[in-house]
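This structure is a prediction, so every number in the text was calculated from the model and none was measured.
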Amino acid sequence: MKINRFEDLECWKEARKLVNMVYKAVQNSKRFQEDRRLKDQSIGAAVSVMGNIPEGFVRRSNREFTQFLFISASSAAELQSHMYVAHDQQYISRDVFDAIYTQAEKTSKMISGLITYLMNNQKRFKQNKPEKPKKPE
């Protein structure tokens with residue numbers, strides 16, 4: 001399978017879902033919104049999961065791409081830890097915690113699978129010339 005754009009990567013699609021879940025959790029909790037440090041760190045970690053995938057994708061080697069994917073997976077773990085704080089402080093319900101935690105884990109596993117693939121393939125990740133981006137859905 002050839003990947004033409006970072007938007008074609010399943011791990012990026014899952015990371016996008018994760019970002020939206022975190023924003024929704026913050027928007028639905030006034031107390032979470034008021035805890036600016038935790039709110040900013042949680043959103044930042046989620047955005048980092050999503051943002052490091054395309055940043056690595058445009059690099060010229062699997063090695064560089066892999067480095068950015070490791071950062072992305074690390075940010076997913078950071079987000080999981082932040083969600084413990086949010087739950088412990090009663091900013092989010094157990095259901096919201098479980099949903100975000102599970103989505104972060106799913107995304108991280110997909111990223112790890114891509115890391116394994118890239119590390120086992122010396123040739124550059126199959127990538128065509130980038131197409132013009134589509135309008136967001």
Go through it in stages, so that I can follow the logic: the residues are Leu114 and Phe65, the test is side chain to side chain contact (heavy atoms under 4.5 Å, CB included), and I'd like the CA-CA distance, side-chain angles, deciding distance and then a yes or no. CA-CA 10 Å; Leu114 182 53; Phe65 190 8; 3.9 Å; yes
Heavy-atom donor-acceptor pair, Asp35 side chain to Arg31 backbone, under 3.5 Å: no
In Å, rounded to the nearest 0.5 Å, how long is the span from CZ of Phe57 to CD of Glu7? 8.5 Å
Just do the side chain to side chain contact (heavy atoms under 4.5 Å, CB included) check on Glu105 and Ser108 with the steps written out, would you? CA-CA 5 Å; Glu105 186 172 45; Ser108 185; 5.7 Å; no
To the nearest 0.5 Å, what is the distance between CE (Met83) and CE (Met21)? 10.0 Å
Smallest heavy-atom separation, Ile111 atom then Cys11 atom, equals CG1-CB, 3.8 Å
Calculate, to the nearest 0.5 Å, the distance between atoms CD and OG belonging to Gln89 and Ser29 respectively. 11.0 Å
Using modelled atom types and a 3.5 Å cut-off, is there a donor and acceptor pairing between side-chain atoms of Gln103 and backbone atoms of Glu14? yes
First locate atom CZ of Phe32, then atom CD1 of Ile92, and finally report the distance between them rounded to the nearest 0.5 Å. 6.0 Å
Give a yes or no on whether the backbone of Arg37 and the side-chain of Asp40 come within a donor-acceptor separation of less than 3.5 Å. no
Does a side-chain N-to-carboxylate-O contact under 4.0 Å join Lys13 and Glu10? yes
Inter- and intrachain pairs under salt bridge (Lys or Arg N to Asp or Glu O under 4.0 Å), touching residues 41-56, at least two apart: Glu55-Arg59
Please confirm whether the backbone N or O of Tyr101 pairs with a side-chain atom of Gln80, one donor and one acceptor, at under 3.5 Å? yes
Per-pair distances, 0.1 Å, donor-acceptor, side chain in residues 66-75, under 3.5 Å, sequence neighbours excluded:
{"from": "Thr66", "atom 1": "OG1", "to": "Asn62", "atom 2": "O", "distance (Å)": "2.7"}
{"from": "Ser72", "atom 1": "OG", "to": "Val49", "atom 2": "O", "distance (Å)": "2.6"}
{"from": "Ser74", "atom 1": "OG", "to": "Phe70", "atom 2": "O", "distance (Å)": "2.9"}
{"from": "Ser75", "atom 1": "OG", "to": "Ser48", "atom 2": "OG", "distance (Å)": "2.8"}
{"from": "Ser75", "atom 1": "OG", "to": "Ile71", "atom 2": "O", "distance (Å)": "3.1"}

Taking Gln33 for its side chain and Gln27 for its backbone only, find out whether a donor-acceptor pair lies under 3.5 Å. yes
Kindly indicate, with the supporting measurements, whether the criterion side chain to side chain contact (heavy atoms under 4.5 Å, CB included) is fulfilled by Tyr91 and Val96. CA-CA 10 Å; Tyr91 299 164; Val96 171; over 6 Å; no
Heavy atoms of other groups near Gln90 CD, more than 12 under 6.0 Å: no
